[in-house]
Peer 1: 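What follows is a structure written as C-alpha cells; I'll ask about it next.
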Amino acid sequence: MAGFLSMLRRTYLSVYNWAVFIGWAQVLFLAVKTLKESGHEHVYSAVEKPLQLAQTAAILEIFHSLVGLVRSPITATLPQISSRLYLTWIILHSFPEVQTHFLVSSLTISWSITEIIRYSFFGMKEAFGGTPSFLLWLRYSTFLVMYPIGISSEVGLIYLALPHIKVSEKFCIRMPNRWNFSFDNFYIAIIALGIYVPGMKLLTGSPHLYRYMLSQRKKALSKSKRE
C-alpha cells in the first residue's frame with residue numbers, strides 16, 4: 001500500500017510540474033517574441049492569460065506543503081506565492097495603467113525563466129528519480145540574478161500602481177456597512193512594499209526567502225559534489 005501511495009504521489013507531482021512548466025514556457029516564448037516584434041508596451045496583453053493560469057496554479061503548492069507532499073516549508077512557500085498572486089491579479093490585471101510599463105517585461109521574463117528551471121527540475125526528479133547536474137546547478141544558481149530582478153520589478157509595479165489604487169479605490173470596503181468592516185487596498189499595497197524592504201526582519205519578507213534559497217543552494221551543491 002505504501003508503495004502504491006508513493007507511486008501515486010510521484011505521478012501526480014510529475015504531471016503537475018510538467019503541466020505548469022509548459023505554461024511558463026509559453027509565457028517566456030510570448031514575452032520574448034512580443035518584446036522583439038512589438039515592444040514592451042504589448043508584452044502584458046500577449047502573456048496575460050497563460051501568466052494568470054500558470055501563476056494561479058501555484059496555489060496548489062501551498063496545499064502540497066501543508067499536507068506534506070513536498071518538503072518545502074510553508075514559511076517559504078506561502079509568502080512567495082501570495083506576493084505573486086497579488087502582483088498577477090490585484091496589480092497587473094486590475095490596473096491597465098501599469099500594463100504597458102517595461103517592468104512588466106522584466107517581471108514576466110525573470111519569473112518564467114525561474115519557473116521553467118524549477119518545474120523542469122522537480123518534474124524530472126519526480127518522473128525519473130534524479131536530475132542532470134546542469135539542471136541542478138541552474139535550479140540553485142539562476143535565482144542569484146533572477147530573484148533580485150523579479151523582486152525589483154514587483155516593487156516597481158506596486159509603486160507605479162499606488163496612485164491608481166488610491167484614486168480608483170478598487171477592492172476597498174468603506175464603512176458604514178452591515179459587516180461593520182473597512183478595507184483599504186492602498187494601505188495593503190503600502191504594507192506589501194514595506195515587506196519587500198531589505199533588512200526588515202519579517203519571516204514574510206524577501207530577505208528571508210533569499211536566505212532560504214542560499215541555504216538550499218549550499219546544501220544541494222555540496223551534496224552533488226560529494227556524490
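Small disclaimer: the values here were computed from a predicted structure and weren't measured.
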Peer 1: Output, in order, the C-alpha distance, side-chain angles, deciding distance and verdict of side chain to side chain donor-acceptor pair (under 3.5 Å) for E126 and Y12.
Peer 2: CA-CA 9 Å; E126 296 297 343; Y12 164 73; over 6 Å; no
Peer 1: State, with a plain yes or no, whether a side-chain heavy atom of V20 is found less than 4.5 Å away from one of L60.
Peer 2: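 Result no, sub-4.5 Å side-chain heavy-atom pair not found.
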Peer 1: Determine whether more than 12 heavy atoms belonging to other residues, nucleotides or ligands lie under 6.0 Å from atom CZ of F128.
Peer 2: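 At most 12 heavy atoms, drawn from other residues, nucleotides or ligands, come within 6.0 Å of this atom.
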Peer 1: Decide yes or no for V104 and H40: does some side-chain heavy atom of the first lie under 4.5 Å from some side-chain heavy atom of the second?
Peer 2: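 No - every pair of side-chain heavy atoms lies 4.5 Å or more apart.
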Peer 1: Using links of under 4.5 Å between side-chain heavy atoms of ILVMFWY residues, direct or through other members, which residues join I62 in one cluster?
Peer 2: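 I59, L66, I74, L78, I81, L85, W89, listed by chain and number.
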Peer 1: For a quick check under 3.5 Å, do T77 and S72 share a side-chain donor-acceptor pair by atom type?
Peer 2: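 Their side chains do not contain a donor-acceptor pair, so the 3.5 Å distance test is not met.
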Peer 1: So do I188 and I90 actually touch side chain to side chain, heavy atoms under 4.5 Å?
Peer 2: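 No, every pair of side-chain atoms sits at 4.5 Å or beyond.
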Peer 1: Taking the side chain as every heavy atom from C-beta outward, state whether N180 and M175 have any atom pair closer than 4.5 Å.
Peer 2: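 With C-beta onward as the side chain, the pair touches.
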Peer 1: Does the side chain of R84 come within less than 4.5 Å of E115's, by heavy atoms?
Peer 2: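 They are in side-chain contact.
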Peer 1: Would a distance-only check, ignoring hydrogens and angles, find a side-chain to backbone donor-acceptor pair under 3.5 Å from K170 to S94?
Peer 2: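 Yes: the side chain of K170 pairs with the backbone of S94.
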Peer 1: Within this structure, what is the CD1-CZ distance for the pair I165 and F95, rounded to the nearest 0.5 Å?
Peer 2: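 Here the interatomic distance stands at 4.5 Å.
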Peer 1: Under 6.0 Å from the OH atom of Y159, do we count more than 12 heavy atoms belonging to anything else shown?
Peer 2: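 Count not over threshold, so no.
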Peer 1: When rounded to the nearest 0.5 angstrom, what is the spacing between CD in E154 and CD1 in I91?
Peer 2: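 CD1 of I91 is found 10.5 Å from CD of E154.
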Peer 1: Do F134 and W137 have ring centroids that are under 6.0 Å from one another?
Peer 2: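 Distance test on ring centres: not under 6.0 Å, no.
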Peer 1: Are the side chains of Y44 and S105 in touch, meaning some heavy atoms are under 4.5 Å apart?
Peer 2: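 Answer no - side chains too far apart.
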Peer 1: For R174, does the CZ atom have more than 12 heavy-atom neighbours from other residues, nucleotides or ligands under 6.0 Å away?
Peer 2: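 Enclosed: over 12 neighbouring heavy atoms sit under 6.0 Å from CZ of R174.
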Peer 1: To the nearest 0.5 Å, how far apart are CD1 in I149 and OG1 in T142?
Peer 2: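 It is 10.5 Å, given to the nearest 0.5 Å.
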Peer 1: About how many Å separate CG of L30 and CG of L35, when rounded to the nearest 0.5 Å?
Peer 2: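 Separation between the atoms: 12.0 Å.
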Peer 1: Any side-chain heavy atom of R118 sitting closer than 4.5 Å to one from W24?
Peer 2: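 R118 vs W24: side chains apart.
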Peer 1: Do S153 and L103 come close enough that some side-chain heavy atom pair is under 4.5 Å?
Peer 2: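 Of all side-chain heavy-atom pairs linking L103 with S153, at least one is under 4.5 Å.
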Peer 1: Would you confirm whether T34, through its side chain, and A31, through its main-chain N or O, come within 3.5 Å as a donor-acceptor pair?
Peer 2: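 No, the answer is negative, given that no donor and acceptor are paired below the 3.5 Å cut-off.
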Peer 1: To the closest 0.5 Å, what do you measure between CG (L28) and NZ (K33)?
Peer 2: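 L28 atom CG to K33 atom NZ measures 13.5 Å (nearest 0.5 Å).
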Peer 1: Do any N or O atoms from the side chain of N177 and from the backbone of F181 form a donor-acceptor pair under 3.5 angstrom?
Peer 2: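 Side chain of N177 to backbone of F181: a pair is present.
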Peer 1: When rounded to the nearest 0.5 angstrom, what distance separates CZ in F122 from CZ in R139?
Peer 2: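 Reported to 0.5 Å precision, the distance equals 4.5 Å.
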